[in-house]
Novice: 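Dumping the structure here so I can ask a few things about it.
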Amino acid sequence: SAKDMKHRLGFLLQKSDSCDYSSSQGKKEKISSSQRLSQEEVRKWADSLENLIHHDRGLAAFRAFLKSEYSEENIEFWVSCEEYKKTKSPTKLSPKARKIYDEFISVQATKEVNLDSCTREKTSQNMLEPTLSCFDEAQRKIFTLMEKDSYRRFLKSPYYLDLVSPPGAGCGPENCKRHHTHSLDCNSNIISQCA
């Protein structure tokens, strides 16, 4: 559920106390700047979907957002295709391609992605002799779909807005109403757990 996703996202997002004037701030552990996600990095995510999903933490935040909308199959398919293209052994191509096809493209796919019949048919034919590029067209279509649809909603969602709000950027009621601002402060273990 969306509530569960927000809870899981809590592992990715650490609340900043920019609106909390309590004396407990001194007791908080200090995070090294190498672990903290910079505002500049987060702002770059708004430039393009590519910037977002090629950044580990951006991908994790986008995936959490898609899970909250029950549409994570799109990003999972895109990531699977990226991993598939790194396959070095020709003998592994066919079984890996079949797994991706069965999971995301076939009529009985458990996580079926939204492809037009023409692209689906072409990808099915590519399965006869899988190559590193056999999913390229389907992956491109899903990327475009995410770019035009869910990516735009992501940029307007708390998953992004809470990250892009600079810590301490005014503590007026309009900022505190939306909870505290958040900053990503997670290591790759947490990202992979939430992914």
Side-chain angles (χ1 to χ4, degrees), residues 1-16 37-86 96-97 99-117 119-120 123 134-165 178-195:
S1 72
K3 202 173 193 178
D4 293 336
M5 283 298 103
K6 281 195 174 190
H7 178 70
R8 285 181 69 189
L9 189 61
F11 290 113
L12 282 178
L13 305 172
Q14 177 182 347
K15 290 186 179 180
S16 161
L37 183 61
S38 78
Q39 291 297 304
E40 188 180 324
E41 287 176 300
V42 175
R43 283 191 197 98
K44 284 180 185 172
W45 298 351
D47 293 341
S48 71
L49 176 57
E50 203 147 312
N51 284 356
L52 173 67
I53 61 181
H54 282 98
H55 190 285
D56 286 346
R57 293 176 181 170
L59 178 61
F62 188 53
R63 183 175 280 177
F65 168 74
L66 291 176
K67 282 183 179 180
S68 77
E69 292 200 331
Y70 305 102
S71 62
E72 68 268 24
E73 70 279 352
N74 291 329
I75 196 65
E76 287 179 16
F77 173 67
W78 186 88
V79 169
S80 294
C81 291
E82 287 296 290
E83 289 169 3
Y84 174 78
K85 287 188 238 182
K86 296 173 189 167
K96 282 186 173 185
K99 185 174 188 257
I100 292 170
Y101 181 82
D102 289 344
E103 191 173 0
F104 299 102
I105 297 173
S106 79
V107 180
Q108 294 144 355
T110 53
K111 300 175 182 178
E112 187 179 350
V113 290
N114 188 6
L115 291 171
D116 59 272
S117 58
T119 306
R120 193 176 300 277
T123 307
C134 68
F135 294 110
D136 284 2
E137 189 175 337
Q139 186 186 20
R140 203 169 23 257
K141 296 268 175 145
I142 293 304
F143 180 89
T144 303
L145 184 71
M146 290 190 296
E147 190 175 43
K148 289 181 176 176
D149 188 31
S150 45
Y151 171 63
R152 291 179 182 174
R153 286 196 309 278
F154 169 77
L155 293 177
K156 295 174 184 172
S157 77
Y159 289 88
Y160 178 71
L161 295 175
D162 286 351
L163 292 172
V164 82
S165 302
R178 218 177 17 112
H179 309 298
H180 298 303
T181 56
H182 294 85
S183 63
L184 272 180
D185 171 34
C186 51
N187 59 32
S188 54
N189 289 344
I190 294 173
I191 289 175
S192 61
Q193 287 172 10
C194 297

Novice: Working to the nearest 0.5 Å, report the span between CD1 of Ile105 and CZ of Phe77.
Specialist: 4.0 Å

Novice: So, taking the atom named NZ in Lys67 and the one named CD in Glu76, what distance separates them when rounded to the nearest 0.5 Å?
Specialist: 6.5 Å

Novice: Salt-bridged, Glu41 to Arg57, with N to O below 4.0 Å?
Specialist: no

Novice: Taking all heavy atoms of Tyr159 and all of Ala61, pick out the closest pair and write down the distance.
Specialist: CD2-O, 4.2 Å

Novice: Go through the steps for His55 and Lys44 under the test side-chain contact (heavy atoms from CB on, under 4.5 Å), then give the verdict.
Specialist: CA-CA 10 Å; His55 190 285; Lys44 284 180 185 172; over 6 Å; no

Novice: Applying side-chain contact (heavy atoms from CB on, under 4.5 Å) to Glu137 and Thr123, what does each step give before you reach the verdict?
Specialist: CA-CA 8 Å; Glu137 189 175 337; Thr123 307; 5.6 Å; no

Novice: Set out, in order, the CA-CA distance, both residues' side-chain angles and the distance that settles side-chain contact (heavy atoms from CB on, under 4.5 Å) for Arg120 and Glu112, then state yes or no.
Specialist: CA-CA 11 Å; Arg120 193 176 300 277; Glu112 187 179 350; 3.4 Å; yes

Novice: Can you confirm whether the side chains of Thr119 and Asp116 place a donor and an acceptor under 3.5 Å from each other?
Specialist: yes

Novice: Is the count of non-hydrogen atoms from other residues, nucleotides or ligands lying under 6.0 Å from Lys99 atom NZ greater than 12?
Specialist: no

Novice: Counting C-beta onward and ignoring hydrogens, is there a side-chain heavy-atom pair between Phe135 and Ser80 closer than 4.5 Å?
Specialist: no

Novice: Please check this pair: side chain of Tyr84 against backbone of Val79, looking for a donor-acceptor N/O pair closer than 3.5 Å.
Specialist: no

Novice: Less than 4.0 angstrom from a charged side-chain N to a carboxylate O is my criterion; do Arg140 and Asp136 meet it?
Specialist: no

Novice: Report the relative orientation of the aromatic rings in Phe154 and Tyr160; use parallel for angles under 30°, tilted for 30 to 60°, perpendicular for over 60°.
Specialist: tilted

Novice: Using side-chain heavy atoms (C-beta onward) and a distance below 4.5 Å, is Lys85 in contact with Gln139?
Specialist: yes

Novice: Please report the closest heavy-atom contact between Leu163 and Gln39, naming both atoms and the distance.
Specialist: O-NE2, 3.1 Å

Novice: Any idea which heavy atoms bring Leu49 and Met146 closest together, and the distance?
Specialist: CD2-CB, 3.9 Å

Novice: Which heavy atom in Ser150 sits nearest to a heavy atom in Phe65, and how many Å separate them?
Specialist: O-CE2, 3.4 Å

Novice: Would you sort out whether Tyr101 and Cys134 count as a side-chain contact (heavy atoms from CB on, under 4.5 Å), showing the intermediate values?
Specialist: CA-CA 10 Å; Tyr101 181 82; Cys134 68; over 6 Å; no

Novice: Roughly how far, to the nearest 0.5 Å, is CD1 of Ile53 from CH2 of Trp45?
Specialist: 12.5 Å

Novice: Out of curiosity, Ile142 CD1 to Ile75 CD1, how far, rounded to the nearest 0.5 Å?
Specialist: 10.5 Å

Novice: Rounded to the nearest 0.5 Å, what separates atom CH2 in Trp78 from atom CG in Leu59?
Specialist: 7.0 Å

Novice: Got a second to check how far Tyr151's OH is from Arg153's CZ, nearest 0.5 Å?
Specialist: 13.5 Å

